[in-house]
Visitor: 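Let me begin by handing over the structure; questions about it come next.
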Amino acid sequence: MKKLGFTLIIALIMIMFGTSCKEKINIFSIQDDINFGAQFDEEILKNKDFVILPETQYPEAYRKINQFKTTLLNTGKMTHVNDFNWTVRIIRDDATINAFAVPGGYLYFYTGLIKALDNEAEFAGVMAHEMAHADRRHSTAQLTKQYGIDLLLSMLLGKNSNQWVNIAANLASGLTELAFSRSDENEADKYAVNNTYVTEWDARGVADFLKKMDSHSPTPVFLSTHPSDKDRIAAVEKEWKTLGGKQGEYFASRYAEFVNSLP
């Protein structure tokens with residue numbers, strides 16, 4: 001009973017101090033998202049299992065991928081555009097079809113995923129989906145579920161501070177701990193459609209990507225943390241029609257230039 005009462009008090013405090021009614025209750029503040037994302041990024045850069053392409057050696061690849069990011073940030077459809085760092089990393093691993101986002105706007109894309117896609121609309125859909133996970137703060141909500149409110153609250157209060165590094169290291173070695181709920185995936189899909197709809201790209205890109213992943217063999221790593229099904233694909237296409245069903249561009253040849261800029 002005491003624990004339940006304590007949890008309710010924390011939830012009320014978060015609401016009083018600005019937690020949006022559109023967001024799930026999340027014991028992290030925006031600054032906590034930023035701090036944790038920086039910790040996680042530091043662990044990724046140190047972890048030998050992740051070979052990050054240096055921007056200095058592949059400036060054209062980063063110029064192109066940052067163009068995607070900038071276009072999506074400028075749509076006016078996101079909440080924390082000016083709050084988060086929004087950093088993009090490219091992981092050199094052609095055998096892995098995956099992408100993920102962590103708190104604070106840090107985005108990671110494997111070369112295997114980039115090379116598996118056919119056009120800009122598909123990639124923009126994937127990036128918009130991952131940005132939505134960060135912007136809607138799904139990652140920190142998932143961490144709260146994974147590690148428990150008591151531990152995370154003690155960390156926020158300055159106790160067990162070493163746990164920030166430990167959790168980041170655990171995530172670096174086992175990204176399935178960031179597997180999202182169905183509602184999170186559906187929300188990220190919806191936001192991806194709305195975000196890309198106001199650009200030149202066809203907003204059905206994320207659905208096209210999911211269809212491609214469903215038929216891919218072996219099953220991509222992406223589907224272990226971002227499960228796909230026909231209902232999600234249908235929901236994306238329904239949202240696109242609700243917005244007006246505008247036919248966007250795919251830019252296949254332009255995307256090939258992006259792929260060719262990779263090692």
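The analysis underlying the following values was restricted to heavy atoms, covering all of them including side chains, and did not include hydrogens, waters or symmetry mates. Residue numbers count from 1 along this sequence. Model, not experiment: these values are computed from the prediction.
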Visitor: Less than 4.5 Å apart, any side-chain heavy atom of Arg136 and any of Asp184?
Guide: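 Answer no - side chains too far apart.
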Visitor: Hey, does Glu249 have a side-chain heavy atom less than 4.5 Å from the side chain of Asn119?
Guide: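 The answer is no; the side chains never approach within 4.5 Å.
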Visitor: What is the minimum heavy-atom distance between Asp135 and Thr79, and which atoms define it?
Guide: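 Distance-wise, the nearest heavy atoms are OD2-N, 2.9 Å.
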Visitor: Start with the C-alpha distance between Ile65 and Met127, add both sets of side-chain angles, then the distance that settles side chain to side chain contact (heavy atoms under 4.5 Å, CB included), and finish with yes or no.
Guide: CA-CA 9 Å; Ile65 201 169; Met127 179 177 276; 3.8 Å; yes
Visitor: If you round to the nearest 0.5 Å, how far is CG of Asn195 from CG of Leu73?
Guide: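 Result: 8.0 Å between the selected atoms.
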Visitor: Report yes or no: do Tyr110 and Ile52 belong to one cluster of Ile/Leu/Val/Met/Phe/Trp/Tyr joined by side chain heavy-atom distances under 4.5 Å?
Guide: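 Same hydrophobic cluster.
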Visitor: Measure centre to centre between the rings of Phe109 and Phe123, then say whether the value is under 6.0 Å.
Guide: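 Aromatic pair counts; centres sit under 6.0 Å.
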Visitor: Could you tell me if the side chain of Lys46 sits less than 4.5 Å from the side chain of Glu43, heavy atoms only?
Guide: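 Yes. Closest side-chain heavy atoms under 4.5 Å.
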Visitor: Residues two or more places apart in sequence or in another chain: which of them pass side-chain hydrogen bond (donor to acceptor under 3.5 Å, both in side chains) with Gln247?
Guide: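 By the side-chain hydrogen bond (donor to acceptor under 3.5 Å, both in side chains) rule, Gln247 matches Arg204.
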Visitor: Would you say Glu130's side chain and Ala101's backbone share a donor-acceptor pair under 3.5 angstrom?
Guide: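 Yes, the answer is positive, given that a donor and an acceptor are paired below the 3.5 Å cut-off.
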Visitor: Can you sort out the partners of Arg254 under salt bridge (Lys or Arg N to Asp or Glu O under 4.0 Å), two or more places apart, ordered by chain and number?
Guide: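 In terms of salt bridge (Lys or Arg N to Asp or Glu O under 4.0 Å), with neighbours along the sequence ignored, Arg254 is linked to Glu120.
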Visitor: Please name all residues satisfying side-chain hydrogen bond (donor to acceptor under 3.5 Å, both in side chains) with Thr87, sequence neighbours left out, ordered by chain then number.
Guide: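 Expected list: Asn85.
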Visitor: Using side-chain contact (heavy atoms from CB on, under 4.5 Å) as the criterion, list what pairs up with Pro59, not counting sequence neighbours.
Guide: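 Scan of Pro59 (side-chain contact (heavy atoms from CB on, under 4.5 Å), adjacent residues dropped) gives none.
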Visitor: For Asp94, check salt bridge (Lys or Arg N to Asp or Glu O under 4.0 Å) against everything at least two apart and list the hits.
Guide: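 For Asp94, the residues satisfying salt bridge (Lys or Arg N to Asp or Glu O under 4.0 Å) (neighbours in sequence not counted) are Lys115.
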Visitor: Write out all pairs satisfying salt bridge (Lys or Arg N to Asp or Glu O under 4.0 Å) with one or both partners inside residues 70-89, taking only residues at least two apart or from two chains.
Guide: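 Matches after skipping sequence neighbours: Asp41-Arg89.
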Visitor: As an exercise, state the distance from CD1 of Ile97 to OG1 of Thr111, rounded to the nearest 0.5 Å.
Guide: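 It comes to 10.0 Å.
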Visitor: Apply side-chain hydrogen bond (donor to acceptor under 3.5 Å, both in side chains) to Glu60 and list each qualifying residue two or more places apart in sequence or on a separate chain.
Guide: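 Scan of Glu60 (side-chain hydrogen bond (donor to acceptor under 3.5 Å, both in side chains), adjacent residues dropped) gives Arg63, Lys64.
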Visitor: Decide side chain to side chain contact (heavy atoms under 4.5 Å, CB included) for Tyr108 and Val102; before the verdict, give the C-alpha distance in whole Å, the side-chain angles of both, and the deciding distance to 0.1 Å.
Guide: CA-CA 9 Å; Tyr108 305 84; Val102 299; 3.9 Å; yes
Visitor: Would you check if Ile91 and Phe100 make a side-chain contact, meaning some heavy-atom pair closer than 4.5 Å?
Guide: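 Sidechains of Phe100 and Ile91: in contact.
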Visitor: Distance from Phe251 atom CZ to Glu122 atom CD, nearest 0.5 Å?
Guide: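 The CZ atom of Phe251 sits 14.0 Å away from the CD atom of Glu122.
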Visitor: Say whether, by atom type as modelled, one donor and one acceptor occur between the side chain of Asp202 and the main chain of Gly248 under 3.5 angstrom.
Guide: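 Such a contact is found between Asp202 side chain and Gly248 backbone.
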Visitor: Report yes or no: do Tyr250 and Ile233 belong to one cluster of Ile/Leu/Val/Met/Phe/Trp/Tyr joined by side chain heavy-atom distances under 4.5 Å?
Guide: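 Looking at the clustering, Ile233 is in a separate group from Tyr250.
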Visitor: Compare every heavy atom of Pro103 with every heavy atom of Phe36, then report the nearest pair and how far apart it is.
Guide: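 Distance-wise, the nearest heavy atoms are CD2-CG, 3.6 Å.
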Visitor: Enumerate the salt bridge (Lys or Arg N to Asp or Glu O under 4.0 Å) contacts for residues 238-247, please, sequence neighbours excluded, ordered by first and then second residue.
Guide: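 Sorted pair list comes back empty.
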Visitor: Hey, are the side chains of His133 and Glu185 touching, using non-hydrogen atoms and a 4.5 Å cut-off?
Guide: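 In contact.
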Visitor: May I have the list of side-chain donor-acceptor pairs in residues 256-263 shorter than 3.5 Å, sequence neighbours left out?
Guide:
residue : atom : partner : partner atom : Å
Asn260  : ND2  : Ala256  : O            : 3.1
Ser261  : OG   : Phe258  : O            : 2.5

Visitor: Taking all non-hydrogen atoms of both residues, which atom of Ile34 and which atom of Tyr106 are closest, and how far apart?
Guide: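 Scanning both residues, the minimum pair turns out to be O-CE1, 4.5 Å.
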Visitor: Quick check: closest heavy atoms across Ala124 and Leu72, and the distance to 0.1 Å?
Guide: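 That closest heavy-atom pairing would be O-CD1, 3.9 Å.
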Visitor: How far apart are the C-alpha atoms of Asp118 and Lys212, what are their side-chain angles, what is the distance that settles it, and do they pass the salt bridge (Lys or Arg N to Asp or Glu O under 4.0 Å) test?
Guide: CA-CA 10 Å; Asp118 294 323; Lys212 180 173 293 182; 2.4 Å; yes
Visitor: Is the side chain of Asp33 donor-acceptor paired with the backbone N or O of Ile30 at a distance under 3.5 Å, no angle test?
Guide: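 Such a contact is absent between Asp33 side chain and Ile30 backbone.
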Visitor: Going by the side-chain contact (heavy atoms from CB on, under 4.5 Å) test, name the single residue among Ile90, Val88, Asn66 that passes it with Glu55.
Guide: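 Testing Glu55 for a side-chain contact (heavy atoms from CB on, under 4.5 Å) against Ile90, Val88, Asn66 leaves exactly one candidate, Asn66.
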Visitor: Taking only residues two or more places apart in sequence, or in another chain, which ones meet Asp189 in a side-chain hydrogen bond (donor to acceptor under 3.5 Å, both in side chains)?
Guide: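 Asp189: side-chain hydrogen bond (donor to acceptor under 3.5 Å, both in side chains) contacts with His129, Arg232.
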Visitor: What heavy-atom pair brings Lys69 and Met131 nearest, and what distance separates the two atoms?
Guide: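 Here Lys69 and Met131 meet closest at O-CE, 4.1 Å.
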Visitor: Do Tyr255 and Trp201 have ring centres separated by under 6.0 Å?
Guide: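 Judged by ring-centre distance (under 6.0 Å), Tyr255 and Trp201 do not meet the cut-off.
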Visitor: Taking transitive links into account, so neighbours of neighbours count too, which hydrophobic residues share a cluster with Trp240 at under 4.5 Å side-chain distance?
Guide: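 Joined to Trp240, directly or through intermediates: Val193, Tyr197, Val206, Val236, Leu243.
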Visitor: List in chain and number order the residues that pass side-chain contact (heavy atoms from CB on, under 4.5 Å) with Ala132, two or more places apart in sequence or in another chain; answer none if no residue qualifies.
Guide: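 Ala132: side-chain contact (heavy atoms from CB on, under 4.5 Å) contacts with Ala188, Tyr191.
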Visitor: Taking all heavy atoms of Tyr58 and all of Leu53, pick out the closest pair and write down the distance.
Guide: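 Smallest interatomic distance, heavy atoms only, reads CE1-CD2, 3.9 Å.
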Visitor: Would you please say whether a donor-acceptor pair under 3.5 Å links the side chains of Ser183 and Asn186?
Guide: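 Looking only at side-chain atoms, Asn186 and Ser183 do not form any donor-acceptor pair under 3.5 Å.
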Visitor: Out of curiosity, Asn74 CG to Thr199 OG1, how far, rounded to the nearest 0.5 Å?
Guide: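 It is 11.5 Å, given to the nearest 0.5 Å.
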Visitor: Consider only side-chain heavy atoms of I, L, V, M, F, W and Y, link residues closer than 4.5 Å, and tell whether Trp86 and Val126 are in one cluster.
Guide: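 Trp86 and Val126: one cluster.
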